[in-house]
Number of protein chains: 2
Amino acid sequence: MSAHHPATAELDLATVLHALSDPQRLQIVRELAADPEPRACGGFDLKVTKSTCTHHFRVLREAGVIEQQQLGTSRLNSLRRADLDERFPGLLDAVLAPVPA
Amino acid sequence: MSAHHPATAELDLATVLHALSDPQRLQIVRELAADPEPRACGGFDLKVTKSTCTHHFRVLREAGVIEQQQLGTSRLNSLRRADLDERFPGLLDAVLAPVPA
DNA sequence: ACAGAAGTTCGATAAACGTCGTACAATGAG
DNA sequence: CTCATTGTACGACGTTTATCGAACTTCTGT
């Protein structure tokens, strides 16, 4: 069951922005960016149920923000930083930047 | 009826990203960025009705992306570029940048 | 005063969204 | 084999969203 990942050239800005416009998903992306080690879905401190997590990870994957690879029963998530930087230069950096005081 | 504009310090990233995640609104922002002259709502080539335009301009305004000032029967829209740059440095530039070939 | 132009307001509607719970499949440990 | 772990699939739910049309307000020109 190889989940669908869009190619870099197919990434759509509106779709990516929508994927990033949810607080839970924003937190996922922030944690992934903070520690570049791929991490299983359960390794995030989200205050929603498992099935909701599945939903959010799918939205991020189908938008092309993250990549998922199966490993045992876990699914390792990693940020598609290079692809995003190539297609939308500066976007991820701006989204991940701490808010100025 | 002075419409509500959020203060710069109150701009919320998720809200701004959501406001930018719609094709119509993205086009509005692009046109506003291309020509820094404030423009009336009707001056955009949108393929939706007037009342839908009202909706989109309100979403952008309440997210803090645009500023609206009344002038006669028109409402002039301008991008809050300085405020956005101050609060989310690089974000607007990344969103407005042409997609690399 | 009247007519036109520019937007808003107010339902309405159909679709998408975020969330949950339960049931299910697949893998790894004992 | 059995069982716990990890995540998915599916249906359900209430909310939000994007869209429209019709009626309305406000200003401007004549």
Side-chain angles (χ1 to χ4, degrees), chain A residues 1-6 12-32 37-79, chain B residues 1-6 12-32 35 37-78:
Chain A
M1 191 85 70
S2 56
H4 177 247
H5 291 73
D12 176 63
L13 179 56
T15 305
V16 169
L17 292 175
H18 172 251
L20 296 174
S21 73
D22 178 90
Q24 314 286 335
R25 295 195 289 263
L26 212 39
Q27 184 182 340
I28 293 172
V29 171
R30 287 207 173 99
E31 292 192 25
L32 277 176
E37 205 66 20
R39 192 184 317 191
C41 296
F44 297 81
D45 192 19
L46 302 176
K47 297 172 291 301
V48 290
T49 64
K50 277 196 305 176
S51 44
T52 301
C53 285
T54 297
H55 164 68
H56 286 310
F57 281 105
R58 181 174 46 215
V59 171
L60 287 170
R61 167 170 45 78
E62 290 179 349
V65 176
I66 66 170
E67 193 177 2
Q68 293 187 305
Q69 47 189 319
Q70 201 74 25
L71 182 124
T73 71
S74 291
R75 189 163 278 202
L76 294 187
N77 304 280
S78 42
L79 203 52
Chain B
M1 193 83 71
S2 57
H4 178 245
H5 292 73
D12 176 64
L13 180 57
T15 305
V16 169
L17 292 175
H18 172 252
L20 296 173
S21 74
D22 178 271
Q24 314 286 335
R25 294 195 289 263
L26 212 39
Q27 185 182 340
I28 292 172
V29 171
R30 287 207 173 99
E31 293 192 27
L32 276 177
D35 179 7
E37 204 66 19
R39 194 185 314 193
C41 297
F44 297 81
D45 193 18
L46 303 176
K47 297 172 291 301
V48 290
T49 63
K50 278 196 303 176
S51 44
T52 303
C53 285
T54 296
H55 164 69
H56 286 310
F57 282 105
R58 181 174 46 213
V59 171
L60 287 171
R61 167 170 44 79
E62 290 179 348
V65 176
I66 66 171
E67 192 178 1
Q68 294 188 305
Q69 48 188 319
Q70 200 75 24
L71 183 124
T73 70
S74 292
R75 190 164 277 201
L76 294 186
N77 303 280
S78 42

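Chain letters run A, B, ... following the sequence lines, proteins first, then strands; residues in each count from 1. Small disclaimer: the values here were computed from a predicted structure and weren't measured.
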Are [X] and [N] close enough that a side-chain N or O sits under 4.0 Å from OP1 or OP2?
X        : N       : value
Arg75(B) : dT26(D) : no
His56(B) : dT19(D) : yes
Thr52(A) : dG18(C) : no
Gln24(A) : dT19(C) : yes

Choose from [options] the nucleotide whose nearest atom is closest to any side-chain atom of [X].
X        : options                  : answer
Thr73(B) : dT27(C), dA6(C), dT19(C) : dA6(C)
Asp22(A) : dG18(C), dG7(D), dC20(C) : dG18(C)
Thr54(A) : dG7(C), dT8(D), dG18(C)  : dT8(D)

Just how far, in rounded Å, is [atom2] of [N] from [atom1] of [X]?
X        : N       : atom1 : atom2 : value
Leu71(A) : dG7(D)  : CG    : P     : 10 Å
His55(A) : dC13(D) : NE2   : P     : 18 Å
Phe57(A) : dG7(D)  : CZ    : P     : 8 Å
Leu46(A) : dT6(D)  : CG    : C1'   : 15 Å
Arg39(A) : dG7(D)  : CZ    : P     : 12 Å
Arg58(B) : dT17(D) : CZ    : C1'   : 12 Å
Lys50(A) : dC10(D) : NZ    : P     : 16 Å
His18(B) : dT16(D) : NE2   : P     : 12 Å

Exercise. Under 4.0 Å between a Lys/Arg side-chain N and an Asp/Glu carboxylate O for Glu67(B) and Arg61(B)?
Worked result: no

Exercise. Would you call Gln24(B) and Val48(B) a side-chain contact if the rule is heavy atoms closer than 4.5 Å?
Worked result: yes

For this session: Kindly say whether, by distance alone, the side chain of Ser51(B) makes a donor-acceptor pair under 3.5 Å with the base of dG21(D)?
Result: yes

Exercise. Looking only at side chains, do Thr54(A) and Ser51(A) share a donor and an acceptor under 3.5 Å apart?
Worked result: no

Exercise. Does CG belonging to Asp45(A) count more than 12 external heavy atoms closer than 6.0 Å?
Worked result: no

Problem set entry | Touch class at under 4.0 angstrom, heavy-atom based, for Ser74(A) against every strand present | sugar-phosphate

Problem set entry | Shortest non-hydrogen separation from Leu60(A) to Arg25(A) and the atoms involved | CG-CD, 3.9 Å

